[in-house]
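Encoded as structure tokens, the structure appears first; notes follow it.
Sequential numbering from 1 along the given sequence is applied to the chain's residues. As a basis for the values below, the full set of heavy atoms in this structure was taken, side chains included, without hydrogen atoms, waters or symmetry mates.
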Amino acid sequence: MYIALRFEIKLLIKALLLAILILSIGIEGSYSKPLAHVSKGNLDNDILYYISVDRFFDGEIRNNIPDYAFSKQEQSAFQKNDNQINRSLIRYAYDPTHRYPGMYWGGDLKGVIQKLDYLQNLGVTKLILSPVQDHANGMIYDPGRSWYLHTSVAGNDENIDPFYAGISTSFQGHWTKDWYELDEHFRDPTDEEADRLGVLANLLDEAGTRGIGVLLEMDLNSTSPVRNRQDYEPFQLQKGEQWLIDNGAVYQRGQLLAPYIDRLTLERDPAGWFHKPLEINYSHVTEKMLEQGQVDQLPDLNQDIPEVRRYLLDAIRFWLTFNQRSIPIAGFYFNDIPHISLDFWKDLESVALSIDPDVILISHYPGAGYTNRKAINWYAKTDAYTWVNYSFSFSARHFFERFRNWDGRTYVLRENSLGQRGQYFNYSPTVTLLHRLLNPSESLEIPRSSLRHVQDQDARGWVNFIEHPDQPRLLSQRPKVRDQAYASLLKFLFTSPGVPCFCMVLKPIWRFLTTLIIKVAMVWVGSPLICL
């Protein structure tokens, strides 16, 4: 009797555990927020999927050349002229062959909606969209660049147009001009003028019914490129050229607020919204350079100016309350965080949390992780965000590609994985002294100050990656890496603390394997980030 009772209790426990497992790894259902968060940034047991919208899926061919977005009925001569130029520029910015990576390829929000069942089947719980806010149209031609894809494996059938191979546009969404509008390349042409955000609301609702939240990437630091010359010479293929109309200006719902260059007087920054031009010397970088310098020569917004601060914080409020009666956005992914002031960031955290205490805030701090002292000091002074973990991710990539000369060593990977439970942090005073005598620079160690600043539970919310939008793909950079090594790297990331990231451009067998790993790994690891 006693043995039978114990056997039934064991069966009951196993059944409960199995039920928990099933509930954890993939179920259809309505979108709901977590009951409680255990790490900074509000990431829980999620799977994140980063989407470069223009590169994902073309669900609406009519917005590939969205000249309909620029009316011919304006009263202002300037606006009429601008719209005419925009209608001309966007025709040359689209590449239907998908051979020139610097141009638009046609992906849009309708395309994301059409792939939601696929994403749900993967087990994705959160999407991160590359910037969808309205960005400046225009093109920059660099004759020294040869950006194109081969038409065959051997690359014999080239037929390359050198002009388009040297063109850059804002397909990534990083030339923002209006933080309150949806870019015309991603819109639904049938949306009424008063409801230009209709397709985004539809995406939020459709994703929410599948249990998927949506995060928006947003730039807070800079605007669009500036063409300093006003005159145009006859085009020559051997000389660089820029065709730009907005020239760094800031708009709000289509209305010009702050030009970077006044068209009549040619005065720079007449509204006083920008820092003065400052070059960033990354070899001897200072805090002033990081905060006020121009990243990629783009005009740098000054968040200490009350009007600028109000504009950006109101944009945070706008997107967090957008679609609030149905399913709002789940949070933000912010790019180039070290280039904004800490004081402004604290205000942003306060505003976002006051609207939604469960808002997810993810930042991209280049080089962030335990080994980056500057990043850790910045992280320690804030309250409510997580970030992309470069220290761990680079170490893991290098280890599995057998690049063991530096941070790909077993020792480094182990310490990045264990954090405060690592061997170095827990050395005895005697061993610590000896270690410092033998290695005074502590070149491969995680700084003890970093470990003291970061609780292990918070580090479990950091986003790890195999592939990242700002990094070359592993198999492109290291083509000799074997499939078995890549698969082992996938397994390692999904069974390590933090937020694994993997690329879906894989052979079919590895697609199946990664899907299986995701669903199993969801039970006990952090929030995977899948990058397309």
Side-chain angles (χ1 to χ4, degrees), residues 54 64-67 69-70 78-95 99-105 130-131 133-148 160-178 183-185 219 221-251 256-271 273-280 293-301 335-336 339:
D54 177 73
N64 291 343
I65 302 177
D67 52 1
F70 304 100
F78 272 134
Q79 191 174 16
K80 186 175 183 178
N81 180 68
D82 287 358
N83 284 352
Q84 183 177 351
I85 294 175
N86 273 313
R87 286 193 298 270
S88 299
L89 285 174
I90 58 177
R91 292 186 174 275
Y92 294 97
Y94 171 61
D95 170 27
R99 296 199 63 197
Y100 303 105
M103 303 175 67
Y104 285 91
W105 284 8
S130 63
Q133 297 84 20
D134 194 16
H135 36 269
N137 291 298
M139 297 185 294
I140 297 177
Y141 172 65
D142 180 1
R145 171 174 286 177
S146 295
W147 252 15
Y148 62 90
I160 297 301
D161 187 318
F163 174 74
Y164 289 117
I167 286 295
S168 297
T169 66
S170 186
F171 74 91
Q172 293 177 315
H174 293 304
W175 296 354
T176 312
K177 70 174 186 179
D178 193 329
D183 190 79
E184 58 272 3
H185 291 88
D219 290 329
N221 180 61
S222 52
T223 57
S224 61
V226 176
R227 189 180 190 278
N228 292 310
R229 293 192 355 254
Q230 299 301 309
D231 59 314
Y232 281 89
E233 299 177 355
F235 175 71
Q236 300 179 42
L237 197 62
Q238 297 77 22
K239 293 182 64 176
E241 185 54 277
Q242 299 175 334
W243 296 272
L244 305 167
I245 187 62
D246 291 300
N247 280 312
V250 178
Y251 297 79
L256 177 63
L257 291 186
Y260 186 69
I261 295 179
D262 187 280
R263 296 189 182 184
L264 296 177
T265 66
L266 301 184
E267 178 186 0
R268 187 181 295 269
D269 188 20
W273 276 45
F274 301 89
H275 287 120
K276 293 181 179 180
L278 176 65
E279 183 179 354
I280 301 177
Q294 293 184 320
V295 179
D296 296 329
Q297 288 76 53
L298 298 176
D300 192 84
L301 289 165
N335 200 24
D336 290 331
H339 298 290

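- Residue E279 places its CD atom among 12 or fewer non-hydrogen atoms of other residues, nucleotides or ligands, all under 6.0 Å distant.
- Nearest heavy atoms, I280 versus G293: CG1-CA, 3.7 Å.
- At least one donor-acceptor pair closer than 3.5 Å links the side chain of D183 to the backbone N or O of H135.
- No donor-acceptor distance shorter than 3.5 angstrom exists from the side chain of Y164 to the backbone of W147, with no hydrogens or angles considered.
- For T223 (side chain) and G248 (main-chain N/O), a donor-acceptor pair under 3.5 Å exists by modelled atom type.
- Side-chain contact between Q294 and S222 is absent, with no heavy atoms from C-beta onward closer than 4.5 Å.
- Of the N and O atoms on the side chains of E184 and N137, at least one donor lies less than 3.5 Å from an acceptor on the other residue.
- Within the 4.5 Å cutoff, the side chain of I261 has heavy atoms near those of the N228 side chain.
- Between I90 and P66, the shortest heavy-atom distance links the atoms CD1-C, 3.4 Å.
- Between R91 atom CZ and I65 atom CD1 the span is 6.0 Å, to the nearest 0.5 Å.
- Considering every non-hydrogen atom in both L257 and A271, the closest pair reads O-CB, 4.4 Å.
- Here the straight-line distance linking atom OH of Y104 with atom OH of Y94 works out to 13.0 Å at 0.5 Å rounding.
- Evaluated for a side-chain hydrogen bond (donor to acceptor under 3.5 Å, both in side chains) with N221, the options D300, N335, T176 yield exactly one hit, D300.
- Looking at N81, its side chain never comes within 3.5 Å of a backbone N or O of I85 through a donor-acceptor pair.
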Item to complete: Evaluate the criterion side-chain contact (heavy atoms from CB on, under 4.5 Å) for residue pair R263 and D82; output intermediate values, then yes/no.
Response: CA-CA 12 Å; R263 296 189 182 184; D82 287 358; 2.7 Å; yes
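- Remark: D95 pairs with T97, R99, Y100, M103, W105 by the side chain to side chain contact (heavy atoms under 4.5 Å, CB included) rule, at least two apart or across chains.
- For the pair D336/D219, no side-chain contact is recorded, criterion being any heavy-atom separation below 4.5 Å from C-beta on.
- The distance from the CE atom of M139 to the CD atom of E241 is 10.0 Å, given to the nearest 0.5 Å.
- Nearest heavy atom pair, residue S168 against residue W175, reads O-CH2, 3.9 Å.
- Y141 places a side-chain N or O within 3.5 Å of a backbone atom of L237 that can act as its donor or acceptor partner.
- Side-chain contact between V250 and W273 is present, with heavy atoms from C-beta onward closer than 4.5 Å.
- With values rounded to the nearest 0.5 angstrom, F70 atom CZ is found 10.5 Å from Q79 atom CD.
- Relative to the ring axis of F274, R268 does not place its NZ or CZ within 45° and under 6.0 Å from the centre.
- The backbone N or O of D231 lies less than 3.5 Å from a partner atom in the side chain of R227, making a donor-acceptor pair.
- Considering every non-hydrogen atom in both S130 and Q172, the closest pair reads CB-O, 4.1 Å.
- To the nearest 0.5 Å, atoms CG (D246) and CG (N86) are separated by 6.0 Å.
- Across all non-hydrogen atoms, the minimal contact from L298 to S224 is CD2-C, 3.7 Å.
- The shortest distance between side-chain heavy atoms of Y92 and F163 does not fall below 4.5 Å.
- The CD1 atom of I160 sits 5.0 Å away from the OH atom of Y148 when rounded to the nearest 0.5 Å.
- D142 contributes no side-chain N or O that, together with a main-chain N or O of G166, makes up a donor-acceptor pair within less than 3.5 Å.
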